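Lettering of chains follows the sequences in order, A, B, ..., and the numbering in each one begins at 1. Being a predicted model, the structure only gives us computed values, none of them experimental.
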Amino acid sequence: MCGIVGLHLRDPELYPQLGRLLETMLCQVVERGPDSAGVAVYGDRRRCPEGHAAVSVLVPAGTDFGVLGLPELLVTEAGDTTVLAAPVSPDALVAAVRTALPDATVVGSGTDLTVYKGTGHPRALAETYDLAAAQGWQGLAHTRMATESAVTPEGCHPFSVGPDQCLVHNGSFANHATIRRELIAAGHVFDSENDSEVGARFVADRLAQGEDLDKALRLVCERFDGFYTLLVTSADGFAVVRDAIACKPAIIAETDRWVAMASEFRALADLPGISDARIYEPEPERVYHWQRSIPLQGQGVTA
Amino acid sequence: MTSTLETTVVDLATTSVRELNAELHAPKATHYAVEHPQGAHAIAAGVATPITVDVRGHAGYYAAGMNDGGTITVHGNAGTGVAENMMSGTVRVTGDASQSAGATAHGGLLVVEGSASMRCGISMKGVDIVVGGDIGPMSAFMAQAGRLVVCGNAGADLGDSIYEARLYVRGTVGSLGADCVEKEMRAEHLAELAELLTAAGMAHDPAEFRRYGSARRLYHFAAHNTY
């Protein structure tokens, strides 16, 4: 199974409500994956202040972040995940983490993105992440019914393997081992045995080569066999695609104020203005892609 | 639950679906209204008596599943598997229906006033389905009996591996699935289509439809099907 919810806000007046809306959506897909949950929030300036980079990490308990040698480091502990933010570039912060904390797993990085992963009941995890108080312009969440690898924080979605990028997946890829070998041969390093990470690394690889989200996802349809409903986000994009058989559910709702996607309608039922929304199911192998228009890319919310 | 002379109102904001369905399985009234469905699953599943149920809002998975004699209306959209395995009665969706509407249903009438998504009527076994709008790809897959009427367009692979069942489509067909072919529209087909459209409350002229069904070439093993 697995549950997916995502919300892309068009109306900045809703930015302060992003976390609360996303938490309500997440709690409606608990039954689709009650063992673990991951969340991504774009533009939460509580945890990734303006001019900072944020890196989300899974680290052993009691890790001393002082070894990073960053005096202005902002540390937010949220269960299994710790979010580190500092006024440096994302690459510099990731490099510092990898050098000073070799046991850490980086599960997200960027100038706008904070990622949280953990095992446990999704409702409790939402509290651990303090999701209801999160602000921002875009977010997504995933509840995982594990099939291809163990229930661990590393196995949680979203998979965020490129700057400000996230991928969540409902389904299972059949030929992920083949594509994993190709990506490893091309120099990619994997953090988990999860099939969905292969999808995320494939998309990140295409984006790094200059293709846009739309093209990258059309290439996913060409290369990957198996079942998938994917929600993929980037620094300024929000996209949905399903495989040719499309047996993994997905529903999209749009209003002038937001675009929302979920596994089931009940996750959308409490969104403001849902009664006037355009509601539809994405067609097989068609990429649905929204680009952030306002405000300018990179701007977020100051709490 | 609040009752008036005619209607018992069940508010799912304060009552569980389990409580609702327990009441509908041993009904003390003949007409029920369900408020605040909010996409909950299995609303009014397993109704086995000729009661009337009006669901006022969007329903989730398997709404009116296994209906046997009830008249159930979803005033909104319905999720996956609306009226799946219906035996008899009428289920109407005033909005759109998600995947697998009327799956495996043996009898009764399912009306979707809007459009139905993929796999509408999959493995249908005698149900009549009338869709006011379009149906998605892979509809009537392995259909065994019954009638499917589509007033709009049908998606790709219509009627793939169909055994029997008669498919009437007013608009375009994305493509026909394996062993599904267009068939002649004879007087008896126009007559039954007129009846179905009337029963569903649709005003289209039967002459605007085309009929599709099984070529019956997959009933037996054939050497050319070997790999």
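- Checking Gln99(B) against Arg119(B) by side-chain atom types alone, a donor-acceptor pair falls below 3.5 Å.
- Your options are Ser117(B), Pro137(B), Gly60(B), and the one with the most heavy-atom pairs under 4.5 Å with chain A is Ser117(B).
- Contact annotation for Ile274(A): neither backbone nor side-chain heavy atoms come within less than 4.5 Å of a heavy atom of chain B.
- A donor atom on one side chain and an acceptor atom on the other are found under 3.5 Å apart for Gln291(A) and His289(A).
- Cation-pi check for Arg278(A) over Tyr280(A) is met; the charged atom lies under 6.0 angstrom from the ring centroid and within 45 degrees of its normal.
- Heavy-atom distances place no part of Asp157(B) under 4.5 Å from chain A, backbone and side chain included.
- Considering CG of Asn85(B) and NZ of Lys125(B), their distance stands at 7.0 Å, rounded to 0.5 Å.
- At a heavy-atom separation below 4.5 angstrom, chain A is approached by no residue within residues 102-115 of chain B.
- The ring-ring contact (aromatic ring centres under 6.0 Å, His included) test applied to His41(B) returns Tyr61(B), not counting sequence neighbours.
- Using modelled atom types, one finds a donor on one side chain and an acceptor on the other under 3.5 Å when comparing Ser98(B) with Glu281(A).
- One side chain, Thr233(A) or Tyr42(A), offers a donor N or O that lies under 3.5 Å from an acceptor on the other.
- Of all the heavy atoms in Leu167(B) and Cys180(B), the pair that sits closest is CD1-SG, 4.1 Å.
- For a residue to count as touching a neighbouring chain, one of its non-hydrogen atoms must lie under 4.5 Å from one of that chain's; by this rule Ala262(A) does not touch chain B.
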